[in-house]
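Right, one structure below, let's go through it.
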Amino acid sequence: MIRVLQADITTLKVDAIVNAANESLLGGGGVDGAIHRAAGPELREYCRGLGGCPIGEARITPGFKLSAQWIIHAVGPVWRGGEYQESKLLANCYRNSFALAVENEVKTIAFPSISTGAYAYPKDQAGKIAIAIMRDYENKFSEIIACCFSAADVKLYEEMLLSSPRQRGSRI
Ligand code: ADP
């Protein structure tokens, strides 16, 4: 089941939350900063040992002080007009995050709207990619949360969910 929720992702009681990280994995602004503050300094120490992460890929860490057991750090692309493989790289973020979640037996997972803040990816285009890939993995999870920060994002995601029906019997 995919659920749209308006919340601060750091407060969610799920198996894993996804972070919109940057290539350094050492923290930044937006949701990344919020997650590092809430998880505590041990997260930065742990991330230092990972040696960064390329755009489109993801890395998993413990949740430290969060309620979530895991944090999956996905590095989204910066929007540069759409002709620099942004859509492929953003889709890879979601797919690679889901792959790590499956490997670690995650059943409930929450995603922020990756790349749509400081990285300026158009929200409707990013949302379409997010929902399409969430649909692909829906049957493998008991709950996938699209965690929106603003009421406008909630509206956008809910509209997009309605126009993208669940794929019955799909299996990945
Ligand atoms: P990026 O650099 O990938 O664009 P940002 O953190 O700037 O990442 O923004 C990604 C999305 O996360 C934006 O839609 C922003 O509104 C949202 N966001 C920011 N803080 C939080 C939070 N605490 N919980 C959930 N979403 C958040």
Side-chain angles (χ1 to χ4, degrees), residues 2-41 43-44 47 50 52-61 63-98 100-101 106 108-134 141 143-161:
I2 302 173
R3 202 147 68 91
V4 180
L5 207 64
Q6 186 177 4
D8 171 354
I9 202 166
T10 63
T11 65
L12 298 182
K13 294 181 172 55
V14 286
D15 296 337
I17 65 168
V18 176
N19 181 16
N22 59 49
E23 287 169 278
S24 78
L25 295 182
L26 297 179
V31 70
D32 194 9
I35 289 172
H36 273 266
R37 279 192 297 279
L43 174 60
R44 194 160 194 273
C47 284
L50 296 177
C53 176
I55 299 168
E57 293 188 19
R59 301 286 184 267
I60 193 163
T61 70
F64 297 104
K65 287 202 257 165
L66 295 179
S67 309
Q69 185 184 356
W70 303 106
I71 305 166
I72 295 172
H73 305 261
V75 183
V78 175
W79 178 256
R80 294 198 286 152
E83 292 186 355
Y84 292 86
Q85 301 201 299
E86 292 95 328
S87 60
K88 188 179 134 200
L89 292 167
L90 186 62
N92 285 347
C93 277
Y94 284 92
R95 286 200 195 94
N96 287 322
S97 298
F98 274 124
L100 279 175
V106 165
T108 56
I109 184 166
F111 285 85
S113 186
I114 299 170
S115 283
T116 66
Y119 284 5
Y121 208 114
K123 291 203 172 204
D124 53 340
Q125 292 183 51
K128 240 180 232 166
I129 291 169
I131 297 280
I133 294 163
M134 287 177 186
F141 292 83
E143 188 166 63
I144 298 171
I145 295 174
C147 179
C148 297
F149 211 39
S150 69
D153 284 2
V154 170
K155 192 162 175 279
L156 188 71
Y157 267 85
E158 276 174 350
E159 281 166 9
M160 280 190 287
L161 257 189

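In this text, all values refer to a predicted model and were calculated from it rather than measured experimentally. Each ligand, and each atom within it, is numbered from 1 in the order the structure gives.
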Output a table of donor-acceptor pairs, distance under 3.5 Å, between side-chain atoms of residues 67-77 and any protein atom two or more places apart or on a different chain; print 'none' if there are none.
unit_1	atom_1	unit_2	atom_2	d
His73	ND1	Asn19	ND2	3.2
His73	NE2	Thr61	OG1	3.0

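For ligand 1, the 4.0 Å heavy-atom shell takes in Ala7, Asp8, Ile9, Ala20, Gly30, Val31, Ala34, Ser113, Ser115, Thr116, Gly117, Ala118, Tyr119, Lys123, Phe149, Asp153, ordered by chain and residue number.
Between Leu66 and Leu43, every side-chain heavy-atom pair lies at or beyond the 4.5 Å cut-off. Proximity of Asn92 to Glu57: side-chain heavy atoms (C-beta onward) are nowhere separated by under 4.5 Å.
The minimum heavy-atom distance linking Cys147 with Ala7 is given by the pair SG-O, 3.2 Å.
Scanning for ring-ring contact (aromatic ring centres under 6.0 Å, His included) contacts around Tyr94 gives Phe111, with sequence neighbours left out. Listed by chain and number, the residues in a salt bridge (Lys or Arg N to Asp or Glu O under 4.0 Å) with Glu158 amount to none (sequence neighbours excluded).
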